[in-house]
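Notes follow the structure.
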2 protein chains.
Amino acid sequence: MNTFEYLLEHNIKPSVQRMAIMGYLDSHRTHPTADEIFNALSPTIPTLSKTTIYNTLKLFVQQGVAQSISIDEKNEHFDANTAVHAHFLCRKCNKIYDAFIKSKKLPGETELKEEGHKIDEAYIYYRGLCRECMEKELNKQNN
Amino acid sequence: MNTFEYLLEHNIKPSVQRMAIMGYLDSHRTHPTADEIFNALSPTIPTLSKTTIYNTLKLFVQQGVAQSISIDEKNEHFDANTAVHAHFLCRKCNKIYDAFIKSKKLPGETELKEEGHKIDEAYIYYRGLCRECMEKELNKQNN
DNA sequence: ATTAATATTTGTAATGAATACAAATTTAGA
DNA sequence: TCTAAATTTGTATTCATTACAAATATTAAT
């Protein structure tokens, strides 16, 4: 991805900080929090402020180059993938997994539209235990 | 609903506070926050503490008599309807609407299960502008 | 019934992510 | 270069939620 062009196309002036944050989000599809992004970029941009991270992420969401994920009640997570897709949070390791969505119609969508509501955003969240953590549990028992 | 029996059936000892909170949740399907519940019950139970509200709601969620809705990034909302159903948050009036789900399979669910993850909870959230608020906007323009 | 053990509730203090705000810096335009 | 606007920064604040320990209520045992 050409971060510079991509931001410009979405009416975001590509400052050093914004490029760095977008670049990080694009290359780390791990749904990082504002804090994680700050810790990752702080060494290379020593003057970086956490407020800038928050401001920029809010701007990114507004301009449609990132989506905010509220699957984790503690922290807000961010995703450079703005397409509607499902997220799965593992309660053990707190990793967030993606899942593609095949169907065009999402559950309840038709009903809400028929009632006259205008839908702007859609999120599908799952929580549970991921495969990796389940395997770890099994190994513990067998030792 | 017989609140007393209902709590007992779910291994929750029906104290005065718990009955009141469950009763409120059951009779007010408006997805209230902990604060709203506190303000509503505080007059009738003057000694009521906000910590009790939080403790009780957490217990309710654990025991499966309520679900927590994180559609609103400011506050956690609660719902006595524990069935999986979609929620729509109006960005203008902040009202949360329900929507029934017909299909048994939720988007992305099959993929996640095939990858070996165990799903315990599922949420479907929408955000946008509700019918009522859209009509208000139109009336403003026509005056 | 009294006492002891347990569970629940309460109030205050602490936490911490997110925001407000104003000063400092950078960028763009004349 | 100078001025205005935009962006960034740092600090202070907010506020929902949690931690914790004391107080109260409930249950069980003797």
Side-chain angles (χ1 to χ4, degrees), chain A residues 3-4 7-8 10-24 31-63 65-78 89 91 94 96, chain B residues 3-4 7-8 10-24 31-63 65-78 89 91 94 96:
Chain A
T3 310
F4 189 89
L7 291 182
L8 272 184
H10 291 82
N11 299 311
I12 299 168
K13 202 180 290 181
S15 70
V16 172
Q17 291 85 347
R18 287 168 179 176
M19 298 257 297
I21 296 169
M22 189 70 247
Y24 184 85
H31 320 91
T33 63
D35 204 57
E36 283 165 1
I37 299 172
F38 176 78
N39 291 329
L41 298 181
S42 191
T44 36
I45 310 176
T47 62
L48 188 63
S49 164
K50 206 170 264 183
T51 302
T52 300
I53 306 278
Y54 281 108
N55 289 342
T56 303
L57 288 171
K58 181 168 283 180
L59 180 70
F60 282 2
V61 171
Q62 279 168 0
Q63 298 301 98
V65 296
Q67 69 170 301
S68 90
I69 303 168
S70 22
I71 197 172
D72 166 14
E73 46 250 358
K74 299 277 171 209
N75 301 313
E76 204 169 359
H77 293 257
F78 294 89
L89 170 73
R91 286 235 108 111
N94 286 309
I96 296 175
Chain B
T3 309
F4 189 89
L7 291 182
L8 272 184
H10 291 83
N11 299 312
I12 299 168
K13 203 180 288 181
S15 69
V16 173
Q17 292 85 345
R18 288 169 179 176
M19 298 258 295
I21 296 170
M22 189 70 247
Y24 184 84
H31 319 90
T33 62
D35 204 58
E36 283 165 1
I37 299 171
F38 176 77
N39 291 331
L41 298 181
S42 191
T44 35
I45 310 176
T47 63
L48 188 63
S49 162
K50 208 171 262 183
T51 301
T52 300
I53 306 278
Y54 280 107
N55 289 342
T56 304
L57 289 171
K58 181 168 282 180
L59 180 70
F60 282 2
V61 172
Q62 280 168 359
Q63 299 300 97
V65 296
Q67 70 171 299
S68 88
I69 303 168
S70 20
I71 197 172
D72 167 13
E73 47 251 355
K74 301 278 172 205
N75 301 312
E76 205 169 357
H77 293 257
F78 294 89
L89 170 73
R91 286 236 107 110
N94 287 308
I96 296 175

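Small disclaimer: the values here were computed from a predicted structure and weren't measured. Computed over heavy atoms, backbone and side chain alike; hydrogens, waters and symmetry mates excluded.
- Between B:T3 and B:R18 there is no side-chain heavy-atom pair separated by less than 4.5 Å.
- Between the CD atom of B:E73 and the P atom of D:dT17 there is a distance of 13 Å, given to the nearest Å.
- When side chains are defined from C-beta on, B:T56 does not count as touching B:M22, because their heavy atoms never get closer than 4.5 Å.
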**OP:** Any chance you could lay out the side-chain contact (heavy atoms from CB on, under 4.5 Å) test for A:I12 and A:V65, step after step, and finish with the verdict?
**Re:** CA-CA 10 Å; A:I12 299 168; A:V65 296; 3.9 Å; yes
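- When the C1' atom of D:dT18 is taken as reference, atom CG of A:N75 falls 15 Å away, rounded to whole Å.
- Protein atom CD of A:Q63 is 11 Å distant from nucleotide atom P of D:dT7, rounded to whole Å.
- The shortest distance between side-chain heavy atoms of A:D72 and A:N94 does not fall below 4.5 Å.
- One interatomic measurement links the two molecules: CG of B:L59 to P of D:dT18, which rounds to 14 Å at whole-angstrom precision.
- Phosphate contact (OP1/OP2 of D:dA25, side-chain N/O of B:S15, threshold under 4.0 Å): absent.
- Remark: P of D:dC15 and CZ of B:F38 are 16 Å apart, rounded to the nearest angstrom.
- Looking only at side-chain heavy atoms (C-beta outward), B:I96 and B:I71 come within less than 4.5 Å of each other.
- Within the 4.0 angstrom heavy-atom criterion, only backbone atoms of the sugar-phosphate kind lie near A:E76; the bases stay farther away.
- When DNA chain C is scanned 5' to 3' for any atom under 4.0 Å from a heavy atom of chain B, the first and last hits are C:dA7 to C:dT12.
- The CG-C1' distance, from A:L57 to D:dT8, rounds to 14 Å in whole Å.
- In this view, A:F78 satisfies the ring-ring contact (aromatic ring centres under 6.0 Å, His included) rule with no residue, not counting sequence neighbours.
- At whole-Å resolution of the value, CZ in B:F78 and P in D:dT17 are 7 Å apart.
- Within the 4.5 Å cutoff, side-chain heavy atoms of B:I37 are placed close to those of B:L57.
- Contact check for B:N55 versus B:L59: no side-chain heavy atoms found under the 4.5 Å cut-off.
- Counting heavy atoms from C-beta on, the side chains of A:T52 and A:F38 never come closer than 4.5 Å.
- Computed from coordinates, the B:D72 CG to D:dA16 C1' distance equals 11 Å when rounded to whole Å.
- Applying a 4.0 Å cut-off to non-hydrogen atoms, the residues of residues 39-55 of chain B that approach DNA chain D are B:T51, B:Y54, listed by residue number.
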